[in-house]
Chemist: 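One structure coming up, written as structure tokens, with questions to follow.
Owing to the predicted nature of the structure, the values given are computational and were not obtained by experimental measurement. No hydrogens, no waters, no symmetry mates; every other heavy atom, side chains included, goes into these values.
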Amino acid sequence: MSNVFVSKHPILKQKISELRRASNTPRQVRELTDTIGRLLMYEATLTLPLAATTQEQSPVGSYEGQKIAIRQALIPILRSGLSLLNAASDLLHDAEIRHLGLFREESTLQPVEYYNKLPRQCNVDECIVLDPMIATGGTAEAAIEILQGWGVPKIKFVAVCVSRQGIEMLAKKFPEVEFYVAVVDEVLDKRGFV
């Protein structure tokens, strides 16, 4: 799975351990998810290309400015993906924000699309999909297929917790997509949850 990047950052590992506590309040879950999202976004953006802008002046001399050289869109999967949006948009404040609404039908475990407001023409070079959980991988698969059908050249996927079964299926089916994850759980329960 050369396209799956599981973070080895010790702070992230500690935050995952804290996030798993059954006693967490909703506020604690939101704060921990935001912190984990920031660490994952740092890793997902390490290879972004830069372009020179203009000569600028600092207090001690001149320098050449730089900016991200590609157009990006952040794609939170409604509603849970919104928990990662602040972290992502704080780092990529010039990125467009587009939403996809997908949910997993509980009896069949199949994804159902209920919201899609992507523009008719793809106008970005890269999409970063935000969804904190990948269980069976069906919702992630549907989101990637929607974005590929839209014509986006590059897709990255940021998730907090994934199942081994789900991420292996996705990595094999979409070798061109990069997956940035905090933790891989070994098993799904009988309801398809990690």
Chemist: Is atom CD of Gln121 surrounded by more than 12 heavy atoms (other residues, nucleotides or ligands) closer than 6.0 Å?
Modeler: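 Count not over threshold, so no.
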Chemist: Does any part of the side chain of Val6, heavy atoms only, come nearer than 4.5 Å to the side chain of Val183, both counted from C-beta?
Modeler: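 A side-chain contact is absent here, since even the closest heavy-atom pair is not under 4.5 Å.
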Chemist: Just grab all the side chain to side chain donor-acceptor pair (under 3.5 Å) pairs involving residues 73-83, residues at least two apart or on different chains.
Modeler: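 Every side chain to side chain donor-acceptor pair (under 3.5 Å) pair that includes a residue of residues 73-83, provided the two are not neighbours, is Ser80-Asp131.
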Chemist: If the condition is side-chain hydrogen bond (donor to acceptor under 3.5 Å, both in side chains), which residues does Arg38 pass it with, not counting sequence neighbours?
Modeler: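 side-chain hydrogen bond (donor to acceptor under 3.5 Å, both in side chains) list for Arg38, sorted by chain: Asp34, Asp90.
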Chemist: For the CD1 atom of Ile155 and the CD1 atom of Ile146, what is their distance to the nearest 0.5 Å?
Modeler: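 Here the interatomic distance stands at 10.5 Å.
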Chemist: Pairing donors with acceptors under 3.5 angstrom, does anything connect the side chains of Glu96 and Asn123?
Modeler: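 Side chains of Glu96 and Asn123: pair found under 3.5 Å.
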Chemist: Show, in sequence, the C-alpha distance, side-chain angles and deciding distance for Gln57 and Ser62, and conclude whether the side-chain hydrogen bond (donor to acceptor under 3.5 Å, both in side chains) test is met.
Modeler: CA-CA 4 Å; Gln57 188 66 36; Ser62 63; 4.8 Å; no
Chemist: If only side-chain N and O atoms count, and only distance matters, is there a donor-acceptor pair under 3.5 Å linking Tyr180 with Glu178?
Modeler: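 Yes, because at least one side-chain N or O of Glu178 sits under 3.5 Å from a partner of the opposite role on Tyr180.
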Chemist: Considering only heavy atoms from C-beta outward, does the side chain of Glu64 approach that of Glu56 to under 4.5 Å?
Modeler: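 Glu64 does not reach Glu56 side chain to side chain.
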Chemist: Side chains of Glu186 and Gln165: do they bring a donor and an acceptor to under 3.5 Å?
Modeler: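 No, because no side-chain N or O of Glu186 sits under 3.5 Å from a partner of the opposite role on Gln165.
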Chemist: Quick one: does Glu141's side chain get under 4.5 Å of Glu145's, heavy atoms only?
Modeler: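 Touching, per the 4.5 Å side-chain cut-off.
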Chemist: Nearest 0.5 Å please: distance from the SG atom of Cys161 over to the CD1 atom of Ile16.
Modeler: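 With rounding to 0.5 Å, SG (Cys161) is 7.0 Å from CD1 (Ile16).
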Chemist: Any luck finding a side-chain donor-acceptor pair between Glu105 and Gln110 under 3.5 Å?
Modeler: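 Short answer, no.
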Chemist: Any side-chain heavy atom of Met41 sitting closer than 4.5 Å to one from Val158?
Modeler: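 Yes - at least one pair of side-chain heavy atoms lies under 4.5 Å apart.
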Chemist: To the nearest 0.5 Å, how far apart are NZ in Lys156 and CD in Glu43?
Modeler: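 Separation between the atoms: 11.5 Å.
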Chemist: Restricting to salt bridge (Lys or Arg N to Asp or Glu O under 4.0 Å), what partner residues turn up for Glu18, sequence neighbours left out?
Modeler: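 Only Lys15 meet the salt bridge (Lys or Arg N to Asp or Glu O under 4.0 Å) criterion with Glu18.
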Chemist: Working note: Glu168 + Lys172, criterion salt bridge (charged side-chain N to carboxylate O under 4.0 Å, His left out); need CA distance, chi angles, decisive distance, verdict.
Modeler: CA-CA 6 Å; Glu168 285 179 352; Lys172 183 176 180 182; over 6 Å; no
Chemist: Would you check if Leu50 and Gln66 make a side-chain contact, meaning some heavy-atom pair closer than 4.5 Å?
Modeler: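 SC-SC contact between Leu50 and Gln66 confirmed.
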Chemist: Should the pair Phe103 and Tyr114 be assigned to parallel (<30°), tilted (30 to 60°) or perpendicular (>60°) ring geometry?
Modeler: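 Aromatic pair Phe103/Tyr114 classed tilted.
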